[in-house]
Amino acid sequence: MTAVRTLWRGGHLVTLASPQGWGLVPEGALVTEGDAIRWVGPLSELPPSMRDGLSAEHDLAGALVTPGLIDPHTHLVYGGERSAEFELRLQGATYEEIARAGGGIRSTVAATRAADEISLRHSALARARALMNEGLTTLEVKSGYGLSLEDEARCLRVARSLSDLGLTVRTTYLAAHALPPEFDGRTDDYVDAVCAWMPQLQQQGLIDAVDAFCERIAFSPAQTRRVFETARRLGLPVKLHAEQLSDQGGAALASEFQALSCDHLEYLSDSGIQAMADAGTVAVLLPGAFYFLRETKLPPVAALRAAGVPIALATDHNPGSSPGLSLLLMMNMACTFFRMTPEEALRGLTVNAARALGLPDRGQLVAGQRADFCVWDAGHPRELAYYFGRNPRRATVLQGRQHEA
């Protein structure tokens, strides 16, 4: 079957084609063929051959066009909510204190285990649709609220099913997220179980990458290393929740395994930055969690920038520390809290987010890339980070097919 060729003309293109700069193309055009971009450039320079065999033509009428947005860190599949903990934190309790008292992740584990697969899918679909409403085209979803073989598999199946929306969905195995109650006092035994479940879930086609929470309230560097060694034997890439609440040396450890990304990073050291730079590991910053937990320790953005470490952004959507579902708000927060530029923020949700997922085929408007892009009612790309509470999305194109707002 011949792939459908479509011309998208008259848009103000934000290509991000070079390492710096917006890559603006006023009065631009894109030609897509099937699910790929065939040509990008000024409409006035469109080769006549690109018009041959056109099946459709769309006038973008001066709208802004960017690569599709990518969320490289979410915990989208879970049961229940944790608004009571929000109140406790406002009264002075810390995230760590709540977790040690039996709240936190464990309370979500109990709610997730009690929910059936249909209800988990229903709630996860609603969350994914909310993100799509602001231009999401590719989504990462972690497990980690099941913490048993059966429940982790159930959550990963639900995550996989979100691709029914037309999204690309990458699933990450995060059983090393917290210690379930049945393993109290037996953390090393639980790590053994996490490692034993991994090949079984991989054989079911449920794992794209492996993650762990390396922190005082979670798993030690030595325990994390065991998880990563199992992943490496299975040929699975790794990611890490690193240096969120303290410096455990997690970023350096993850970099030993050529991790796709290290995420959070508020307490990242200079040596951790250098290790990430040497390994080509992406820094995924999570401004929603920084805001919601009222953190004061900023991630070292300037040092990451100076070291050439790519910086991505994500919602970190989860019920305990970042219940937000707005990619555009994450851009604004990254600029206001972390002093990133609007261009860096957009790159953080496109080309660098794609790199954090090991997906080099998206995130830019260039020939050969996947035909995932967003059409916005905006005059300049900086407006996407400037406004909050306003959604200018007009349409999203997924694999060359238009989805209306």
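For reference, positions follow the sequence shown, starting with 1. Hydrogens, waters and symmetry mates play no part in the numbers below; they use all other heavy atoms, side chains included.
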Would you check if Thr94 and Arg89 make a side-chain contact, meaning some heavy-atom pair closer than 4.5 Å?
no
Identify whether the distance between the nearest side-chain nitrogen and carboxylate oxygen of Arg113 and Glu182 falls below 4.0 Å.
yes
Just wondering, do Arg157 and Cys155 contact through their side chains at under 4.5 Å, heavy atoms?
no
Does Thr281 reach the main-chain N or O of Ala277 with its side chain, forming a donor-acceptor pair under 3.5 Å?
no
Within a strict 4.5 Å, meaning less than it, do heavy atoms of the Phe290 and Glu266 side chains meet?
yes
Students often mix this up, so state it plainly: with edges at 30° and 60°, are the rings of Phe337 and Tyr291 parallel, tilted or perpendicular?
parallel
Summary of side-chain hydrogen bond (donor to acceptor under 3.5 Å, both in side chains) pairs that have at least one residue in residues 160-169, sequence neighbours excluded:
Arg121-Ser161, Arg121-Asp164, Arg160-Thr171, Arg160-Asp208, Thr168-Arg362, Thr168-Arg370
Show, in sequence, the C-alpha distance, side-chain angles and deciding distance for Val14 and Val65, and conclude whether the side chain to side chain contact (heavy atoms under 4.5 Å, CB included) test is met.
CA-CA 6 Å; Val14 185; Val65 183; over 6 Å; no
Which distance, rounded to the nearest 0.5 Å, do you find between the CG of Asp263 and the OG1 of Thr172?
9.0 Å
Go through His317 and Tyr78 one step at a time and tell me if the ring pair (Phe, Tyr, Trp, His ring centres under 6.0 Å) criterion holds.
CA-CA 11 Å; His317 177 82; Tyr78 59 86; 5.7 Å; yes
For the residue pair Thr315 / Asp71, report whether a side-chain donor-acceptor contact shorter than 3.5 Å exists.
yes
Could you check whether the rings of His75 and Tyr145 sit parallel, tilted or perpendicular, using 30° and 60° as the cut-offs?
tilted
Roughly how far, to the nearest 0.5 Å, is CD of Glu243 from OG of Ser269?
6.5 Å
Expected output: side-chain Arg393 to main-chain Asn133 donor-acceptor under 3.5 Å
yes
Quick one: sort the His380 and Trp22 rings into parallel, tilted or perpendicular, breaks at 30° and 60°.
perpendicular
